[in-house]
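Down below is the structure, laid out as structure tokens.
Naming: A, B, ... by sequence-line order, numbering from 1 per chain.
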Amino acid sequence: MIKVTLPDGSLREYAKGTTSLEVARSISEGLARNVLSAKVNGQVIDASRPLNEDCTLQLLTWNDTDGKSTMWHSSAHLMAEALEALYPGTKFGIGPAIENGFYYDVDFNGQSISSDDLPKIEQKMLELAKTNSVYIRKEISKNEAIAYFREKKDQYKLELLEGLEDGQITFYSQGNFTDLCRGPHLPDTSFIKAIKLTALAGAYWRGDEKNKMLTRIYGITFPKEKELKEYLHLLEEAKKRDHRKLGKELELFHFSEKVGMGLPLWLPKGAALRERLIDFMKKAQQQAGYLPVVSPHIGNKNLYITSGHYEKYGKDSFQPIATPQEGEEFFLKPMNCPHHCEIYKSSPRSYKDLPLRLAEFGTVYRYEQSGELHGLTRVRGFTQDDAHLFCRPDQVKEEFCKVIDLVLYVFKALDFHDYTAQVSLRDKENHEKYIGDEANWTLAEQAIIESAQEKGLKTVVEYGEAAFYGPKLDFMIKDALGRKWQLGTIQVDYNLPERFQLEYTGSDNQKHRPVMIHRAPFGSLERFIGVLIEHCAGNFPLWLTPEQVAILSVSEKSNAYVEQVLEQLQKNYDIRGYADLRNESIGKKIREAELKKIPFMLIIGEKEALAQKVAVRIHGKGDAGIIEINDFAAMVNKEIENDLSI
RNA sequence: GCCGAAGUAGCUCAGCUGGUAGAGCAGCUGAUUUGUAAUCAGCUGGUCGGGGGUUCGAGUCCCUUCUUCGGCUCCA
């Protein structure tokens, strides 16, 4: 007999060799029907694998992330089976589960398929799923495995096999399809009830552009048709919220081929919104003891040679511009830190001056590969809400913690409530990619991890995600549709102070080297606004929205009063808005204001003019009654106060 | 940068196997003076992304280039 501990702490005894599925069945039939895989002693395995020793057991269902992964991984195999049936001779690369579904990279051996073929593949998959084929696991020797794929002429699997050790190789089969796979998989295909193949794309074999381009087919599956519908609805919603679409509709920004790709033009409304964000951040920074500085858009090549950026990115930047007479070379600044280092150096510093917090909304230019550009979230010219904190080594942690506070304040004010902090460390294997000495890296990494802990942040650690000069704490936010975005970043840097020979005089009257913290709560304003647009679907917080109120005249008879109301709101209450005095029906004016997502509409006819009141209509909600102007103003300002008092 | 798809009026889109470029909205002009998501009528607006080619004739076919979109790779 073996002892099995369940997640609730209860202990049960079973005969040795009992499967997780059988354990589930002993608890309830219903549970057994929903078990996709099992986590045994922390490792996810097939629910049909026998348990041979005492263990902790978590039965995984659709409600568990790992359960979903099992489902999707098995779905990838199902798709492969369908592809093999429909397109004989297809070779298979890898087919993993991903965050939302799965993909399989395949080589159609010369045949080409288009997205029109996807429904056909879906159909085949459904057909195969209905056969309730069992996923069978088989341990196999390396030689046998090689022989199998030689026979199939699948060079990709053979290549994968090269990296595997004999004795650890398993095959999984379902129906007529067998794949090299470590699993785990579903008990059988019947769990896959709803299937959608979502996209078709090229992807290099093993992600290396020197390799052959395979066809990647993305898909997602569900245990119920209803869940697929919900998912498709979510996709629709995401399309509606696309910041590129809303940016156009709400007249926030524009791209012009003539200006250049990836170079956003801010229209008046977008610029107004942006200015407000900047003001908001300036105020917060002023309170946190930051000092504004300003640096030019270009910097001498030598500046970047000193900083090390030239060596690292010189060839991949916009190429330098040169002075006509002397031929001196200048780069468009790709970051503000070197400039700020020179500001630090402009005068001798005492330990009493530190921390010195230099802040700048600095516009930087980076050559991003053409295929990378995407609306506002990936551009070639953007403005960072940048600051560099120069501090003594003993101040690093405290300063780091303060920056975390600031970042969290910003997120709250903008209604981002779901985020994780990603501790981005060096690639464990490959330390040569980074500059700076080992001891400092270790110090910096520790400072970050400790600060994140101290602040009680939900943290994940990612290796290989550090900047080349230092580790980072990146804030990953989840938007209203559950999509993840990287926004703010905080970075500890021992390297630039070294390169720029930054110094301060300590209390011991000796020269010391300060530590630098780079930080940008928004990251880039462009990217942040892009994400914000999608997060709030264009319904910005009242304090931020370009136009808070639309004042609409019912007929031209009321125009004078409308203008009077607007003036009062602007002058006395600092409320932003516009008057719609056009010779159009009130219905049309309302419709347009609704489409522009103006939070409040004031409908003004003869009634209101006579009573010296306003009829309020709330965006998305409708008529909210007739009230005094100052009551309306109070209502607006109250809401703003609520949003900003956190 | 690489693979694939797409570019038609300011916007959203139609235009079949090649035969004189269309609609709605927006804009302009006029009528109407309107009560909570589109009042009516008229008008303007396009070297069909750019450049080459095939053809009697190209939005449509071919080549090339640019941009956009979906991915890959990248992201100081």
Side-chain angles (χ1 to χ4, degrees), chain A residues 103 105 112-116 198-218 242 244-245 248-249 251 254-258 260-262 304 307-314 316-317 333-338 364 366-375 377-380 382 384 386 435 465-470 472 474 486 489 491 493 495-496 518 520 523-524 527 552-559 582-596 601-608 615-626:
Chain A
Y103 66 80
D105 284 345
S112 75
I113 73 161
S114 77
S115 52
D116 300 335
T198 47
L200 199 61
Y204 302 108
W205 167 236
R206 301 203 139 176
D208 187 336
E209 61 183 308
K210 289 183 209 77
N211 289 339
K212 181 164 182 188
M213 172 88 52
L214 305 180
T215 306
R216 175 170 296 181
I217 305 177
Y218 287 90
D242 190 318
R244 293 166 299 189
K245 179 171 175 284
K248 205 180 269 179
E249 286 170 8
E251 301 172 302
H254 174 73
F255 285 93
S256 148
E257 270 186 41
K258 220 166 205 166
M261 58 164 93
Y304 304 107
S307 72
H309 291 103
Y310 179 74
E311 191 194 346
K312 188 85 184 170
Y313 292 103
D316 301 317
S317 331
K333 78 172 165 185
M335 79 289 303
N336 305 297
C337 26
V364 297
R366 296 178 182 177
Y367 173 79
E368 304 288 359
Q369 294 186 66
S370 59
E372 285 315 319
L373 302 174
H374 180 93
T377 58
R378 196 78 185 272
V379 287
R380 286 181 168 173
F382 59 94
Q384 296 176 310
D386 208 359
I435 56 177
E465 292 291 314
F468 74 94
Y469 52 74
K472 308 190 282 182
D474 293 324
Q486 193 216 305
T489 177
Q491 315 176 356
D493 184 355
N495 177 59
L496 273 188
H518 309 240
S524 119
R527 180 181 174 77
L552 317 175
S553 59
V554 171
S555 84
E556 288 178 349
K557 286 180 200 156
S558 323
N559 282 359
R582 293 173 306 163
N583 178 13
E584 294 289 354
S585 72
I586 188 66
K588 180 163 184 167
K589 293 179 185 180
I590 289 171
R591 179 180 154 80
E592 286 181 6
E594 287 283 353
L595 290 174
K596 285 199 272 187
M601 283 149 273
L602 299 180
I603 286 88
I604 306 286
E606 291 177 276
K607 251 190 299 178
E608 289 76 16
V616 180
R617 182 188 162 99
I618 300 172
H619 168 69
K621 294 205 176 81
D623 199 340
I626 297 180

Is there a donor and acceptor pair closer than 3.5 Å between the side chain of Glu257(A) and the base of G50(B)?
-> no
Please check if the side chain of Arg216(A) supplies one atom and the backbone of Ala201(A) the other of a donor-acceptor pair under 3.5 Å.
-> no
Rounded P spacing from G71(B) to U39(B) in Å | 39 Å
Spacing of Glu368(A) atom CD relative to C2(B) atom C1', expressed in whole Å | 17 Å
Which value, in whole Å, describes the distance between the P atoms of nucleotides G49(B) and G7(B)?
-> 8 Å
Counting only distance, no hydrogens or angles, is the base of C74(B) paired donor-acceptor with the side chain of Arg378(A) under 3.5 Å?
-> yes
Looking only at atom C1', what distance separates A6(B) and U44(B), rounded to whole Å?
-> 30 Å
With a 4.5 Å limit on heavy-atom distance, are the side chains of Glu465(A) and Lys472(A) in contact?
-> no
Protein-nucleotide distance (Lys258(A), atom NZ; G49(B), atom C1'), rounded to Å = 12 Å
What is the nucleic acid contact for Glu606(A), judged by heavy atoms within less than 4.0 Å: base, sugar-phosphate only, or nothing?
-> base
Watson-Crick or G-U counterpart of C2(B), or none if no pair lies under 3.5 Å = G71(B)
A21(B) and A37(B), which share atom name P, separated by this distance in whole Å | 42 Å
How far, in whole Å, is G10(B) from G27(B) if one measures between their P atoms?
-> 14 Å
Can you tell me the Watson-Crick or wobble partner of C48(B), both distances under 3.5 angstrom?
-> none
d(CZ, Arg206(A); P, C2(B)) in whole Å = 24 Å
With both distances under 3.5 Å as the test, what is the Watson-Crick or G-U wobble partner of U39(B)?
-> A31(B)
Report yes if some heavy atom in the side chain of Gln491(A) is under 4.5 Å from a heavy atom in the side chain of Tyr469(A); otherwise report no.
-> yes
Between G15(B) and C28(B), how far apart are the P atoms? Round to whole Å, please.
-> 31 Å
Kindly say whether Glu368(A) contributes a backbone atom to a donor-acceptor pair with the side chain of Arg380(A) at under 3.5 angstrom?
-> yes
Neighbour count >12 (heavy atoms, 6.0 Å) for atom CD, Glu249(A) | yes
Is Tyr204(A) side chain donor-acceptor paired with the C2(B) base, going by distance under 3.5 Å alone?
-> yes
Quick one: which of C74(B), G35(B), A37(B) gets closest to the side chain of Ile603(A)?
-> G35(B)
For G24(B) versus C63(B), give the span between their P atoms, rounded off to a whole number of Å.
-> 36 Å
Considering only atom C1', compute the distance from G53(B) to G45(B) and round it to an integer number of Å.
-> 31 Å
Below 3.5 Å, does any donor atom in the side chain of Arg216(A) face an acceptor in the base of C72(B), or the other way round?
-> no
How many Å lie between NZ on Lys596(A) and C1' on A26(B), as a whole number?
-> 12 Å
Taking the side chain as every heavy atom from C-beta outward, state whether His518(A) and Gln384(A) have any atom pair closer than 4.5 Å.
-> no
Using purine N1 to pyrimidine N3 plus N6-O4 or O6-N4 for Watson-Crick, or N1-O2 and O6-N3 for G-U wobble, both under 3.5 Å, which nucleotide pairs with A14(B)?
-> none
